[in-house]
Amino acid sequence: MRVPFAASSVATARQQLKKWMVENGGSRDQVEDGRVVISELVANSIRHAEPLSDGTLLITWVYERRGVRLSVTDGGSPTRPRKLNAPSSALAGRGMAIVESLCLSWWAEQNRSQSTVHAVLAMS
């Protein structure tokens, strides 16, 4: 789904993912973990990257063998996403650590015009 490159898109992504996961048999815990992960990925794109050329973000999710792959594509950033070792008292900087703790894996892909962060959430 394409969403505006705006903070309000975090809530839109959470709502749409929840609906899809519930319709596809996700447990309450899986749905909540998915909502946290997609929130972090979308918020990080808005905070650290540029929009795609049309002013949007592209958010996708799909079942695959290991679980649900959540992906957010933006217009790129001068830095690559990475996990920080922020203290638990920090007000920011823990997003990718949260994603890493909830997911089986996560990775980023970049080219000249865009970047995509993927995270795989277990669904068993």
Side-chain angles (χ1 to χ4, degrees):
M1 93 177 141
R2 287 200 181 266
V3 297
F5 190 79
S8 61
S9 293
V10 174
T12 301
R14 270 195 316 260
Q15 291 165 354
Q16 293 301 312
L17 179 62
K18 177 182 179 179
K19 179 180 175 197
W20 182 84
M21 289 182 75
V22 167
E23 289 172 355
N24 287 280
S27 72
R28 193 180 86 187
D29 288 345
Q30 291 166 336
V31 170
E32 289 310 308
D33 287 351
R35 287 168 42 96
V36 170
V37 171
I38 204 70
S39 295
E40 292 295 339
L41 297 181
V42 173
N44 281 348
S45 284
I46 293 166
R47 189 174 301 117
H48 300 293
E50 298 294 324
L52 292 167
S53 61
D54 64 357
T56 67
L57 291 174
L58 176 62
I59 304 169
T60 61
W61 44 78
V62 63
Y63 273 115
E64 60 178 35
R65 184 175 41 87
R66 299 182 302 156
V68 175
R69 181 170 30 100
L70 309 170
S71 304
V72 177
T73 302
D74 56 45
S77 168
T79 60
R80 290 187 63 91
R82 66 188 191 284
K83 179 182 120 179
L84 300 177
N85 292 316
S88 59
S89 61
L91 298 177
R94 294 186 313 270
M96 294 315 294
I98 292 168
V99 169
E100 188 169 290
S101 72
L102 294 175
C103 292
L104 297 171
S105 64
W106 73 270
W107 68 98
E109 300 173 333
Q110 289 182 293
N111 64 35
R112 290 183 195 181
S113 63
Q114 66 184 35
S115 119
T116 303
V117 179
H118 306 274
V120 177
L121 184 66
M123 292 286 287
S124 52

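Counting from 1, the numbers follow the sequence of the chain as shown. When reading the values below, keep in mind they use all heavy atoms of this one structure, side chains included, and skip hydrogens, waters and symmetry mates.
By the rule that hydrophobic residues join a cluster once side-chain heavy atoms approach within less than 4.5 Å of another member, Y63 and M1 end up as members of one cluster.
Atoms CD and CD, from Q114 and E109 in turn, are 9.5 Å apart once rounded to the nearest 0.5 Å. Atom OG of S115 is separated from atom NE2 of H48 by 11.5 Å, given to the nearest 0.5 angstrom. Considering CG of L104 and CZ of R66, their distance stands at 6.0 Å, rounded to 0.5 Å. To the nearest 0.5 angstrom, W107 atom CH2 is 10.5 Å from T116 atom OG1. The structure places CG of L57 at 8.5 Å from OG1 of T73, a figure rounded to the nearest 0.5 Å. Remark: S77 OG to Q110 CD distance equals 7.0 Å, nearest 0.5 Å.
Listed by first and then second residue, the salt bridge (charged side-chain N to carboxylate O under 4.0 Å, His left out) pairs involving residues 11-24 amount to none (not counting sequence neighbours).
Judged by distance alone, the side chain of S71 and the main-chain N or O of T60 form no donor-acceptor pair under 3.5 Å. A distance-only check finds no donor-acceptor pair linking the side chain of S9 to the backbone of F5 [under 3.5 Å].
Across V120 and E64, no two heavy atoms sit closer than the pair CG2-OE2, 3.4 Å. The heavy-atom pair separating L41 from A119 by the smallest distance is CD1-CB, 4.2 Å.
W61 pairs with exactly one of L70, N24, V37 by the side-chain contact (heavy atoms from CB on, under 4.5 Å) rule, that one being L70.
Counting only heavy atoms from C-beta outward, the side chains of M21 and M123 approach each other to under 4.5 Å. Inter-residue side-chain proximity for D74 and I46 is flagged as unmet; no heavy-atom pair is nearer than 4.5 Å. Counting heavy atoms from C-beta on, the side chains of V68 and W20 come closer than 4.5 Å. Between V117 and M96 the shortest side-chain heavy-atom distance falls below 4.5 Å.
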Next on the checklist: With side chain to side chain contact (heavy atoms under 4.5 Å, CB included) as the criterion, how do I38 and V72 come out once you've worked through the C-alpha distance, each side chain's angles and the decisive distance to 0.1 Å?
Outcome noted: CA-CA 8 Å; I38 204 70; V72 177; 4.1 Å; yes
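Taking the side-chain contact (heavy atoms from CB on, under 4.5 Å) definition, one finds that R2 meets it with L52, D54, T56, L58, sequence neighbours left out.
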